[in-house]
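Notes follow the structure.
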Amino acid sequence: MTHEGSSIDPTKPSIARVYDYLLGGKDNYAVDREIGDVFKRDLPGSVAIAFANRAALTRAVREIARTTDVRQFIDLGSGLPTADNVHQVAQRNAPESRVVYVDIDPQVLVHGRALLENNERTRVVAVDVRNPEGIRTHPDTLELIDFTRPVAVILSAILHHVNDDEDPAGIVRYWREQVPSGSYFFVSHFRSGNNAETVEAEKVLQQTFGRGRWRTDEEIASLLDGLEILDPGIVPASLWRPDDNDSPWNVGGRRELTVWEHLIAAGLARKA
Ligand code: SAM
């Protein structure tokens with residue numbers, strides 16, 4: 001299920017480009033900004049979901065690079081290369097880190113390949129996350145990733161784009177079986193808040209993209225079945241191992257989270 005040959009369609013919104021717009025990026029079209037503005041205008045504060053997510057992802061990658069021996073990352077549904085992508089964070093902290101990005105959005109692939117042209121330790125693979133075998137056996141993956149050594153599998157803001165009948169737990173299980181003990185899984189995921197904002201945001205995503213499944217902490221944890229979920233568990237992304245830099249997204253316990261910040265969860269798990 002490779003989308004290698006597909007081209008950019010500026011008339012249809014794309015998840016990657018709407019997300020880029022919400023994060024303040026420039027890789028988007030009017031059609032993407034229209035959807036993004038629904039969030040910005042009608043659901044004010046909702047962009048916190050995207051920023052809190054990115055901040056937690058950055059902290060997790062930095063922590064893996066600094067505190068473990070894992071030097072290979074597979075970033076599933078990686079999105080557009082904005083500042084501080086997984087390879088930048090990992091290679092800044094451990095220069096020998098190798099990163100395989102996986103995404104099906106043609107714009108992500110174009111930008112990713114341009115950005116990574118001179119980076120021998122990073123590749124972009126255009127295979128659907130619902131086809132994990134296709135990702136694992138892709139020549140670029142095999143070139144960079146040694147599956148006899150621990151791997152960090154990044155599932156950041158991607159599993160909520162996989163509907164229940166597409167078996168998101170099966171995707172995680174596949175990777176769990178392929179990687180050796182000592183491997184890590186970082187997950188971030190839309191977190192069901194059972195409130196009007198969640199319902200409204202879910203509706204916009206479903207209507208626009210036909211996907212966007214908000215799950216409870218228990219449902220998210222069950223996607224990680226068979227893995228050891230590390231402290232502090234599955235929690236709102238802003239509360240996942242906050243650090244003390246002064247970014248507004250490193251909230252920690254310093255202030256109450258907004259209702260929106262409760263709507264994105266993060267967690268790190270390890271294969272024993
Ligand atoms: N992982 C990044 C992060 O957390 O900041 C980006 C998350 S963005 C919300 C979701 C990304 O997943 C988009 O770039 C989209 O193109 C990609 N995506 C969605 N469905 C996908 C699929 N079935 N296979 C591969 N990529 C997919």
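Reckoned from all heavy atoms, side chains included, excluding hydrogens, waters and symmetry mates. Just so you know, ligand 1 is whichever comes first in the structure, and atom 1 is the first atom listed for that ligand.
Residue-level proximity to ligand 1 for D128 is carried by backbone and side chain together, each with a heavy atom below 4.0 angstrom. Neither the backbone nor the side chain of V162 has any atom closer than 4.0 Å to an atom of ligand 1 (non-hydrogen atoms only). Counting heavy atoms closer than 4.0 Å to ligand 1, residue R54 contributes side-chain atoms (C-beta onward) but none from N, CA, C or O.
Paired with Q72 under the rule side-chain hydrogen bond (donor to acceptor under 3.5 Å, both in side chains), one option of R121, R98, E96 passes, and it is R98.
Applying the side-chain contact (heavy atoms from CB on, under 4.5 Å) test to E120 and every residue at least two apart in sequence or in another chain returns R123.
Residues E202 and F190 are not in side-chain contact: their nearest non-hydrogen atoms beyond the backbone lie 4.5 Å or more apart. Using a 4.5 Å heavy-atom cutoff, the side chains of Q91 and N119 are in contact. In this structure, the side chains of H138 and V100 stay at 4.5 Å or more apart for every pair of heavy atoms. For the pair V31/R17, a side-chain contact is recorded, criterion being any heavy-atom separation below 4.5 Å from C-beta on. Side-chain contact between V151 and W175 is absent, with no heavy atoms from C-beta onward closer than 4.5 Å.
Nearest heavy atoms, R176 versus K271: O-NZ, 2.6 Å. The two atoms that bring V70 and Y184 nearest to each other are CG2-CD1, 3.8 Å, heavy atoms only.
Of the protein's non-hydrogen atoms, the one nearest atom 14 (O) of ligand 1 is D103 OD2, 2.7 Å. Annotation: atom 4 (O) of ligand 1 to nearest protein heavy atom, S156 OG, 2.6 Å. Atom 8 (S) of ligand 1 has as its closest protein heavy atom Y19 CD2, 3.8 Å. Annotation: atom 10 (C) of ligand 1 to nearest protein heavy atom, A157 O, 3.5 Å. For atom 24 (N) of ligand 1, the closest heavy atom belonging to the protein is V129 N, 2.9 Å.
In summary, the atoms of ligand 1 found under 4.0 Å from a heavy atom of G79, numbered by their order in the structure, are 6 (C), 14 (O). Heavy-atom proximity to D105, at under 4.0 Å, picks out these atoms of ligand 1: 16 (O). Ligand-side atoms of ligand 1 in range of I104: 21 (C), 22 (C), 23 (N), 24 (N), 25 (C), 26 (N), 27 (C), range being under 4.0 angstrom from any heavy atom. Below 4.0 Å from some heavy atom of I158 lie the following atoms of ligand 1, by number and element: 12 (O), 18 (N), 19 (C), 20 (N), 21 (C), 27 (C). Every atom of ligand 1 is numbered from 1 in the order shown, and the set under 4.0 Å from a heavy atom of S78 is 1 (N), 2 (C), 6 (C).
Across S188, A16, G77, A56, heavy-atom proximity to atom 6 (C) of ligand 1 is greatest for G77.
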